[in-house]
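This structure is a prediction, so every number in the text was calculated from the model and none was measured.
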Amino acid sequence: MAQLRLVSGSVGLITLQNPPVNALSAAVRQGIVDAVETALSDPKVKCVVICGQNGVFCGGADIKEFGTNITGPHLIPMIHAIEATNKPMVAAIEGSALGGGLEVALGCHYRVAHSKARLGLPEVTLGLLPAAAGSQRLPRLIGVPAALNLITTGRHVTAAEALQLGLVDQVTDRNTVDAAVKFALSVVGQSLDARRISTFPCPRPAELDALFEDAMQKVRQSARGAIAPVACVQAVRAAATLPYAEGLERERELMATLFNSGQARALQYCFFAQRAVGRWSTPSGARWDTSKTLPVRKAAVIGLGTMGRGIAVALAQTGLSVVAVETQEKQMMEAKQAVSGMLERGAKRSGVAPVFDRISYSGNIRAVADVDLVIEAVFEDMALKEKVFQQLSAVCKPGVLLCTNTSALDVDHLASQTPNPELVVGMHFFAPAHVMKLLEVVYGRGSSPQAVATAMQLGKKMGKVSVAVGNCRGFVGNRMLKPYIEQAFYLLEEGATPELVDGALEEFGFSMGIFRMSDLSGLDVGWRVRKGDGLVDPGSASGPSARVRQGRRYSPLGDLLCEQGRFGQKTGRGWYQYEKPGGRVARSDPWLHSFLEGYRARHGLVARRIDHQEVLERCLYALINEGFHILEDGIAAGPEDIDVIYVFGYGWPRHRGGPMFYAGMVGLPKVLERLEHYHQAHPDVPHLKPCSLLRRLVASGSPPIHKWREVIKKLHSQL
Ligand code: COA
Ligand code: ADP
């Protein structure tokens with residue numbers, strides 16, 4: 001809806017009304033059309049201000065309408081009608097002016113923004129382009145390079161940057177509508193000829209071709225197969241090279257391709273999935289977000305390794321006082337230096353003073369006596385963690401929330417070491433913890449809703465995408481990673497190379513293939529875990545038992561590399577070679593190739609040709625199959641939770657929506673059929689055996705992903 005009223009005697013004030021973000025639904029568009037018409041025909045109205053209710057101008061097109069039968073007036077003629085009027089139109093921008101919202105503002109003759117407002121054309125993040133003439137008007141207003149940047153990245157700019165770019169005409173710290181009304185009255189009577197952006201010639205930068213080639217190359221590199229950024233460059237090119245009407249036609253054609261694409265569907269799914277996981281429900285439907293949270297002003301981090309340092313920085317940057325405890329002096333010295341560096345760099349980026357004094361350091365765990373919450377990040381060793389939790393129970397004040405940053409260990413077992421298991425949860429951060437957006441909040445059997453809500457709330461305050469998950473080995477992300485890595489190892493045994501496997505995964509859209517990723521995070525991490533699980537057996541380098549452990553197929557390839565001291569980037573050698581220890585550029589290593597040949601010869605394995613499709617099917621379907629197990633076991637509340645974890649924590653390409661969404665796109669019957677095929681070929685690999693939930697979904701007609709929860713619920717009720 002949109003409401004029109006007369007203010008200050010001669011200003012028609014149109015207020016968009018569609019909570020929470022005044023998205024441009026059919027009713028809102030109709031409301032604007034009607035209000036503009038009425039304002040124009042009313043002789044009392046000399047000028048018009050458009051604003052949004054509740055402090056938000058407009059969050060853009062109504063994304064919920066996409067994929068439905070869209071009715072109501074179209075945006076393009078509506079915006080043209082606004083631009084064509086002879087009464088000054090002023091947009092009063094508070095909160096957000098995004099997508100279609102900004103396109104409406106670009107149709108106005110003037111824009112006044114509040115200093116805290118954010119403006120942008122984020123359509124590209126939804127697999128689209130600004131197709132209500134945004135791609136044609138923006139370059140005409142702020143120039144081609146700046147428009148290319150905004151449209152291809154979808155980034156939101158502050159009011160100050162918008163003013164600098166010429167995107168808005170005035171910024172105010174006060175009441176935006178009052179300022180816009182005053183502004184509108186001040187321009188009544190002035191000619192509007194020079195204010196209609198669609199009539200501007202588009203500035204033609206020198207070296208136009210080179211500029212666009214460069215832009216295209218950049219987006220192709222960073223888009224990893226996403227088509228919308230490429231279409232955005234093409235649309236802006238049309239603005240720069242064609243008359244407005246023809247550019248608009250090109251914009252329409254490009255949008256038609258994007259609008260029904262699978263990528264757009266995947267990206268829009270991600271948008272809603274991210275918000276759905278924020279509502280924090282468990283598989284049984286219990287919700288955390290209605291629980292009262294515990295107040296957290298002061299927190300402690302125990303252990304200042306890579307993770308502890310990042311967590312301490314993230315907490316301090318959120319505004320908390322932090323006590324950082326580290327028992328080893330040398331580590332403490334290094335950590336202090338590293339933390340200061342991170343705080344300094346963070347401050348430089350955000351333009352605020354570094355918050356060194358928010359963190360105090362101690363070598364004694366007693367220093368945590370007065371904190372409200374503790375995050376333990378000591379070595380991944382259960383006996384050590386048990387001891388730390390016992391100590392914490394003794395020294396902390398009553399009611400403190402005890403969190404563990406374990407990436408796989410049993411949260412219930414740790415909780416049992418304390419007198420208050422209801423106050424224990426996992427907070428599984430991803431390295432580097434002050435940068436990575438994902439946080440898995442692990443609820444144990446006894447964790448109280450209040451404890452989970454507090455951890456979720458803290459994650460949110462830290463700017464993380466927090467996902468509540470159940471307690472099991474590896475939780476969601478790392479549990480699914482195991483079968484994925486396992487398949488990659490088997491593929492090497494069967495004839496592939498790290499380059500081939502990574503090539504297939506990177507072409508699919510992963511930022512890094514599994515072997516490059518493993519070199520980056522360190523091969524020794526998995527080695528330590530496998531040793532702990534009793535899987536590493538240096539005595540069985542050859543013979544039939546070498547490739548079998550605990551009755552299943554096992555590949556010792558990773559262990560063999562570690563035995564050679566090849567831990568990845570940090571040692572300059574891993575699955576690839578690097579120019580020096582700590583080097584970042586992976587190069588093929590002939591040693592590794594002959595090592596693989598020798599290994600195959602020793603084990604009587606004959607290398608065969610493996611293509612990209614097999615790499616993708618084996619690695620990804622094994623990972624997806626584990627995802628179904630996780631849903632079946634009730635560890636994740638729904639497929640959205642798994643997908644958000646993979647997109648934000650594991651480099652899964654967002655335009656493919658996450659592993660479970662991708663399974664739906666491929667078609668569940670096909671995923672099932674391929675898993676059956678590979679399981680038949682590799683009966684000693686249990687991870688390839690199709691999960692019964694997948695079978696059940698296929699048997700129920702492969703419902704769309706938003707209906708999976710119903711099938712899962714039915715399954716649980718029958719157990
Ligand atoms: N269409 C439909 N619903 C929208 C929407 C849109 N354009 N923008 C936001 N919403 C919904 C969200 O789904 C959420 O619904 P929920 O409460 O049922 O989960 C609610 O509005 C609030 O959004 P949220 O993102 O949680 O609020 P916020 O205050 O953190 O952020 C925005 C507000 C506008 C910055 C953010 O929602 C956003 O970026 N929206 C999308 C903008 C966009 O891409 N527009 C272009 C469309 S082509
Ligand atoms: P990461 O996985 O984060 O790199 P590490 O496991 O390497 O972390 O580091 C854990 C840190 O925890 C080490 O610096 C170690 O000295 C520290 N640590 C171990 N035990 C304790 C303890 N009881 N109290 C405080 N710090 C500890």
Checklist line | Polar side-chain atom of Glu326 near backbone of Leu304 as donor-acceptor pair, under 3.5 Å | finding: yes
Note to self: Working to the nearest 0.5 angstrom, can you tell me the gap between Gln487 CD and Leu616 CG?
What the structure shows: 12.5 Å
Check: Do the non-hydrogen side-chain atoms of Gln317 and Leu343 ever get within less than 4.5 Å of each other?
Finding: yes
Check: Hey, is CE on Met333 packed in by over 12 heavy atoms from elsewhere, all under 6.0 Å?
Finding: no
Checklist line | Exercise: identify the closest heavy-atom pair between Phe66 and Ala61 | finding: CZ-CB, 3.8 Å
Next item on the list: Apply side chain to side chain donor-acceptor pair (under 3.5 Å) to Glu626 and list each qualifying residue two or more places apart in sequence or on a separate chain.
Entry: Arg479
Next item on the list: I would like to know whether Leu458 and Leu315 meet side-chain contact (heavy atoms from CB on, under 4.5 Å); could you show each step before the answer?
Entry: CA-CA 9 Å; Leu458 178 60; Leu315 288 167; 4.0 Å; yes
Exercise answer: donor-acceptor pairs, residues 644-661 side-chain atoms, under 3.5 Å, sequence neighbours excluded:
unit_1 : atom_1 : unit_2 : atom_2 : d
Tyr646 : OH     : Gly477 : O      : 2.7
Tyr646 : OH     : Leu481 : N      : 3.3
Tyr650 : OH     : Asn478 : N      : 3.1
Tyr650 : OH     : Asn478 : OD1    : 2.7
His655 : NE2    : Arg224 : O      : 3.3
Arg656 : NE     : Phe508 : O      : 2.7
Arg656 : NH2    : Phe508 : O      : 3.4

Note to self: For Ile302, run the side chain to side chain contact (heavy atoms under 4.5 Å, CB included) check against Val388, Ile375, Thr404 and tell me which one passes.
What the structure shows: Val388
Note to self: When you compare the side chains of His687 and Glu486, does any donor N or O come within less than 3.5 Å of an acceptor on the partner?
What the structure shows: yes
Note to self: Applying side-chain contact (heavy atoms from CB on, under 4.5 Å) to Ser96 and His156, what does each step give before you reach the verdict?
What the structure shows: CA-CA 9 Å; Ser96 305; His156 302 177; over 6 Å; no
Next item on the list: Test the Arg265-Tyr269 pair against the cation-pi criterion, namely NZ or CZ under 6.0 angstrom from the six-membered ring centroid and within 45° of the ring axis.
Entry: no
Next item on the list: Could you pull out all residues at least two apart from Asp412 that satisfy salt bridge (Lys or Arg N to Asp or Glu O under 4.0 Å)?
Entry: Arg445
Check: Where is the tightest heavy-atom contact between Ala488 and Ile514, given as atom of each residue plus distance?
Finding: CB-CG2, 3.7 Å
Notebook entry, point to check: So, does Glu123 use its side chain to make a donor-acceptor pair with the main chain of Ala228 at under 3.5 Å?
Noted result: no
Next item on the list: With sequence neighbours left out, write down each residue that passes side chain to side chain contact (heavy atoms under 4.5 Å, CB included) with Asp372, or none if nothing qualifies.
Entry: Val296, Arg297, Lys298, Lys397
Notebook entry, point to check: Tell me the side chain to side chain donor-acceptor pair (under 3.5 Å) pairs involving residues 349-363, sequence neighbours left out?
Noted result: none
Checklist line | Under 3.5 Å donor-acceptor, His716 side chain and Glu632 backbone | finding: yes
Notebook entry, point to check: With no hydrogens and no angle check, is any side-chain donor or acceptor of Ser447 less than 3.5 Å from a backbone partner on Val424?
Noted result: yes
Check: Is a side-chain N or O of Asp633 found less than 3.5 angstrom from the main chain of Ile635, in a donor-acceptor match?
Finding: no
Next item on the list: Look at the side chain of Asn405 and the backbone N and O of Gly426, then say whether any donor-acceptor pair between them is shorter than 3.5 Å.
Entry: no
Check: If we only count heavy atoms from C-beta on, is the Asp643 to Cys270 side-chain gap below 4.5 Å?
Finding: no
Next item on the list: Kindly indicate, with the supporting measurements, whether the criterion side-chain contact (heavy atoms from CB on, under 4.5 Å) is fulfilled by Leu620 and Leu505.
Entry: CA-CA 9 Å; Leu620 302 185; Leu505 294 169; 4.2 Å; yes
Margin query: Donor-acceptor pair, distance only, cut-off 3.5 Å: does the side chain of Glu506 make one with the backbone of Gly513?
Written below: yes
Next item on the list: Measure the shortest side-chain to side-chain distance between Val467 and Val476 over non-hydrogen atoms and say whether it is less than 4.5 angstrom.
Entry: no
Checklist line | Identified side-chain hydrogen bond (donor to acceptor under 3.5 Å, both in side chains) partner of Glu640 from the options Arg279, Arg709, Arg275 | finding: Arg709
Notebook entry, point to check: Judged by atom type as modelled, is there a donor-acceptor pair below 3.5 Å linking the side chain of Lys292 to the main-chain atoms of Gln450?
Noted result: no
Checklist line | Flag side-chain contact, heavy atom, 4.5 Å: Tyr443 against Asn471 | finding: no
Check: Any side-chain heavy-atom pair from Thr152 and Val124 closer than 4.5 angstrom?
Finding: no
Check: In chain order, what residues pass the salt bridge (Lys or Arg N to Asp or Glu O under 4.0 Å) check against Glu334, with sequence neighbours excluded?
Finding: Lys330
Below 3.5 Å, can you tabulate the donor-acceptor pairs from side chains in residues 518-525 to any protein atom, sequence neighbours excluded?
unit_1 : atom_1 : unit_2 : atom_2 : d
Ser518 : OG     : Trp575 : NE1    : 3.3
Asp519 : OD1    : Trp575 : N      : 2.9
Asp519 : OD2    : Trp575 : N      : 3.2
Asp519 : OD2    : Tyr576 : N      : 3.1
Asp519 : OD2    : Tyr578 : OH     : 2.7
Ser521 : OG     : Met517 : O      : 3.0
Asp524 : OD1    : Lys570 : NZ     : 3.0
Asp524 : OD2    : Lys570 : NZ     : 3.1

Next item on the list: Check whether any side-chain heavy atom of Val368 sits under 4.5 Å from a side-chain heavy atom of Val325, and report yes or no.
Entry: yes
Note to self: Would Leu423 and Val400 count as a side-chain contact (heavy atoms from CB on, under 4.5 Å) here? Give the steps.
What the structure shows: CA-CA 7 Å; Leu423 290 173; Val400 171; over 6 Å; no
Next item on the list: Quick one: list whatever passes salt bridge (Lys or Arg N to Asp or Glu O under 4.0 Å) with Lys218, sequence neighbours left out.
Entry: Asp214
Note to self: Donor-acceptor check, side chain of Glu422 to backbone of Gly446, threshold 3.5 angstrom: yes or no?
What the structure shows: no
Margin query: List the residues meeting side chain to side chain contact (heavy atoms under 4.5 Å, CB included) with Cys58, not counting sequence neighbours, and say none if there are none.
Written below: Leu16, Leu24
Checklist line | salt bridge (Lys or Arg N to Asp or Glu O under 4.0 Å) partners of Glu376, counting only residues at least two apart | finding: Lys385
Next item on the list: Would you check if the side chain of Asp641 reaches a backbone N or O of Val469 as a donor-acceptor pair within less than 3.5 Å?
Entry: no
Notebook entry, point to check: Any side-chain heavy atom of Glu440 sitting closer than 4.5 Å to one from Phe430?
Noted result: yes
Margin query: Test of understanding: with side chain to side chain contact (heavy atoms under 4.5 Å, CB included), list the residues that count as partners of Ser393, not counting sequence neighbours.
Written below: Leu402, Thr418, Pro419
Next item on the list: State which residues pass side chain to side chain contact (heavy atoms under 4.5 Å, CB included) with Asn54; sequence neighbours excluded, sorted by chain then number.
Entry: none
Next item on the list: Taking the side chain as every heavy atom from C-beta outward, state whether Pro20 and Val56 have any pair of such atoms under 4.5 Å apart.
Entry: no
